[in-house]
There are 2 protein chains.
Amino acid sequence: MRTRDENKESAIREKAMQMIVDEGFDGLSMQKLAKAAGVSPATIYIYYKNREDLLNQLFNYVQQTFHEVALEGFNPNLSFEEGLWIQWKNRLKFILKYPIHFQFYEQFRNSPCINHSDINLAHFKENMKLFVMNAIKKGEMKKMEPEIFWSVAYGTLYSMVKFHLQQISMMGNTFKLTEPKMRTAFDMVIKALKP
Amino acid sequence: MRTRDENKESAIREKAMQMIVDEGFDGLSMQKLAKAAGVSPATIYIYYKNREDLLNQLFNYVQQTFHEVALEGFNPNLSFEEGLWIQWKNRLKFILKYPIHFQFYEQFRNSPCINHSDINLAHFKENMKLFVMNAIKKGEMKKMEPEIFWSVAYGTLYSMVKFHLQQISMMGNTFKLTEPKMRTAFDMVIKALKP
DNA sequence: AATATAAATGAATGTTCATTCACTTACAAA
DNA sequence: TTTGTAAGTGAATGAACATTCATTTATATT
């Protein structure tokens with residue numbers, strides 16, 4: 001039997017995300033995608049059941065790799081400050097390396113009618129739960145609801161990333177997110193979360 | 001001459017936002033919108049040049065009202081803590097009153113090919129600039145880049161709002177954003193921003 | 001070398017899309 | 001009451017859409 005062409009699979013995946021980031025969800029048509037990926041429209045349907053399945057699989061793919069990268073070098077017994085900082089750095093690394101993937105991911109998260117599958121995140125969530133519980137027990141962090149923790153700990157980071165990627169400026173000159181700037185914001189976040 | 005039917009105009013506006021929030025940008029078709037608004041497709045083109053113009057006008061409309069509400073009872077000479085708290089409360093009030101508008105706005109902001117018109121925000125930005133400058137001068141806030149300030153001050157709030165609206169739960173039980181919870185997070189943010 | 005099989009194709013299908021246009025309707029001004 | 005004009009219409013148009021299918025192609029196994 002004929003073998004699958006891995007290049008075709010990744011071409012479809014990458015071009016699809018590129019198109020969505022460039023033109024939005026309504027900018028992605030199967031025929032334009034096929035042309036961009038150098039493939040017949042029918043070939044896409046070998047890899048994906050239909051358009052919706054394509055989008056969901058892309059989302060799951062990015063979600064999985066993003067959270068894997070976020071946990072590199074991390075374990076829940078690290079000190080609160082060190083553990084959180086590793087995650088900030090890991091996330092930034094991924095975002096700068098795969099800005100298209102991340103922007104697709106964010107656009108997807110802010111859209112409706114979405115299969116918000118959390119299966120892939122079980123391991124990640126388990127780690128975070130332990131990490132936060134430890135931090136509270138050790139007195140490194142105030143006790144609070146997980147959504148509030150998440151919003152303080154990561155809302156700030158994501159907002160800065162959005163400024164960086166979307167080149168939206170607050171006062172005129174564009175904002176470039178560097179590690180020192182990350183550190184400035186991170187120190188504020190740590191201060192906020194301390195008991 | 002015949003007079004404009006204000007009801008038609010607002011029906012088109014509200015149904016359009018509803019459809020986008022429910023089904024995403026690709027879920028909005030002019031014919032479906034016309035039917036939902038109880039109007040002929042051609043009527044939409046009296047109010048809006050085309051589909052793109054419709055989306056842009058909706059965005060500008062929401063952006064304008066949102067920022068107007070944000071500034072209610074606010075002036076840049078208020079103390080840093082009081083001024084920021086008023087804005088947090090105003091924003092929450094708007095979001096809870098017009099969740100569809102806000103979700104449309106957020107979906108739009110995270111999508112590309114967008115006319116990010118900032119004209120309406122001149123007054124808002126001027127106010128915020130003064131407010132932040134005063135706060136730094138008075139020693140109520142650390143000196144920092146505006147994007148970092150923005151991310152710490154509002155990134156947290158927006159993240160909590162997203163948990164509330166999208167009913168995405170961190171640990172299983174859904175998160176309901178109330179004023180006491182807002183206050184908890186707000187106090188942390190103020191602590192983070194203090195010199 | 002022959003064969004079986006899944007990959008890959010391009011053209012075709014029926015549907016839905018944004019937009020237009022010839023026409024009718026309501027109303028303010030005369 | 002007549003009239004000018006902008007609001008509002010439903011049907012029509014051609015383009016673009018997602019998906020399918022009969023067919024061809026490449027390769028691993030025999």
Side-chain angles (χ1 to χ4, degrees), chain A residues 1-61 104 107-108 111-115 117, chain B residues 1-61 104 107-108 111-115 117:
Chain A
M1 69 157 182
R2 192 170 173 177
T3 47
R4 269 200 188 199
D5 188 339
E6 299 288 340
N7 296 333
K8 279 192 210 307
E9 186 164 7
S10 72
I12 293 169
R13 198 191 324 120
E14 300 303 317
K15 292 287 179 186
M17 287 197 266
Q18 184 78 61
M19 284 175 72
I20 288 166
V21 169
D22 288 345
E23 306 174 53
F25 280 105
D26 37 356
L28 178 84
S29 92
M30 301 305 262
Q31 337 217 34
K32 282 199 296 181
L33 172 57
K35 184 162 279 181
V39 134
S40 157
T43 304
I44 301 173
Y45 290 85
I46 294 170
Y47 295 93
Y48 305 98
K49 223 180 78 206
N50 50 38
R51 196 185 116 106
E52 195 190 330
D53 180 51
L54 163 66
L55 292 172
N56 283 322
Q57 281 201 44
L58 289 181
F59 177 73
N60 286 330
Y61 168 79
F104 161 76
Q107 212 176 126
F108 200 93
S111 75
C113 65
I114 286 318
N115 151 291
S117 142
Chain B
M1 68 161 181
R2 191 167 173 180
T3 45
R4 271 201 187 199
D5 188 339
E6 301 286 341
N7 296 334
K8 281 194 209 304
E9 186 163 9
S10 72
I12 293 168
R13 199 192 322 120
E14 300 303 318
K15 291 288 179 185
M17 287 196 268
Q18 184 77 62
M19 286 175 71
I20 288 167
V21 169
D22 288 345
E23 308 175 49
F25 279 106
D26 35 356
L28 177 84
S29 92
M30 301 304 261
Q31 335 217 37
K32 284 199 294 181
L33 172 57
K35 183 162 281 181
V39 135
S40 157
T43 303
I44 301 173
Y45 290 85
I46 295 169
Y47 295 92
Y48 306 98
K49 224 180 78 205
N50 51 37
R51 197 184 116 106
E52 194 191 330
D53 180 51
L54 164 65
L55 292 172
N56 283 322
Q57 281 201 44
L58 289 181
F59 177 73
N60 286 331
Y61 169 78
F104 160 76
Q107 212 175 128
F108 200 92
S111 75
C113 63
I114 286 318
N115 151 293
S117 140

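Computation of the quantities below employed the complete heavy-atom set of this structure, encompassing side-chain atoms and omitting hydrogens, waters and symmetry-equivalent molecules. Every chain is numbered from 1 and lettered A, B, ... according to where its sequence line falls, protein lines coming before strand lines.
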Return the [atom1] to [atom2] distance between [X] and [Y], rounded to the nearest 0.5 Å.
X	Y	atom1	atom2	value
B:Arg51	B:Phe25	CZ	CZ	8.0 Å
A:Leu33	A:Ile44	CG	CD1	4.0 Å
B:Ile12	B:Met30	CD1	CE	8.5 Å
B:Asp22	B:Met17	CG	CE	12.5 Å

Taking Watson-Crick and G-U wobble contacts under 3.5 angstrom, with | marking pairs to another strand and [ ] crossing pairs, the secondary structure of DNA chain C is written ||||||||||||||||||||||||||||||
Does a nitrogen or oxygen in the side chain of B:Tyr45 sit under 4.0 Å from OP1 or OP2 of C:dC21?
no
Report yes if a side-chain nitrogen or oxygen of A:Lys8 is closer than 4.0 Å to either non-bridging phosphate oxygen (OP1 or OP2) of C:dT9; otherwise report no.
yes
To the nearest Å, how far apart are [X] [atom1] and [N] [atom2]?
X	N	atom1	atom2	answer
B:Asn50	C:dT19	CG	C1'	9 Å
B:Asp26	C:dT16	CG	P	15 Å
B:Phe25	C:dC17	CZ	P	17 Å
A:Glu6	C:dA7	CD	C1'	12 Å
B:Asn7	D:dG8	CG	P	10 Å
A:Ile12	C:dA7	CD1	P	12 Å
B:Glu52	C:dC17	CD	P	19 Å
B:Ile44	D:dG10	CD1	P	12 Å

Closest approach to the side chain of B:Arg51, judged atom by atom: which nucleotide of C:dA18, C:dA8, D:dA7 is it?
C:dA18
Taking only heavy atoms on the protein side, list every residue of residues 28-42 of chain A lying under 4.0 Å from any atom of DNA chain D, sorted numerically.
A:Leu28, A:Ser29, A:Met30, A:Gln31, A:Lys32, A:Ala42
Using a cut-off of 4.0 Å on non-hydrogen atoms, how would the nucleic acid contact of B:Tyr48 be classed: base, sugar-phosphate, or nothing?
nothing
May I ask you to say what B:Thr43 touches in the nucleic acid, namely base, sugar-phosphate or nothing, with a heavy-atom cut-off under 4.0 Å?
base
What's the verdict on side chain to side chain contact (heavy atoms under 4.5 Å, CB included) for A:Leu58 and A:Phe108, showing C-alpha distance, side-chain angles and the deciding distance?
CA-CA 10 Å; A:Leu58 289 181; A:Phe108 200 93; over 6 Å; no
Grab the two heavy atoms, one from A:Ser40 and one from A:Ala34, that are nearest each other, plus how far apart they are.
C-CB, 3.8 Å
For B:Gly24 and A:Pro112, the nearest pair of non-hydrogen atoms, with its separation, is N-CG, 3.2 Å
Residues in side chain to side chain donor-acceptor pair (under 3.5 Å) with B:Asp53, at least two apart?
B:Gln57
When you compare the protein's N or O atoms with those of nucleotides 3-6 of chain D, which come within less than 3.5 Å of each other, and at what distance?
{"from": "D:dG4", "atom 1": "N2", "to": "B:Met1", "atom 2": "N", "distance (Å)": "2.4"}

Checking side chain to side chain contact (heavy atoms under 4.5 Å, CB included) between B:Leu55 and each of B:Asn50, B:Asn60, B:Ile20, which is the one that passes?
B:Ile20
Flag side-chain contact, heavy atom, 4.5 Å: B:Ile46 against B:Lys8
no
Please enumerate all residues that pass side-chain contact (heavy atoms from CB on, under 4.5 Å) together with A:Ser10, with sequence neighbours excluded.
A:Arg13
With sequence neighbours left out, the residues meeting side-chain contact (heavy atoms from CB on, under 4.5 Å) with A:Ser29 are A:Gln31, A:Lys32
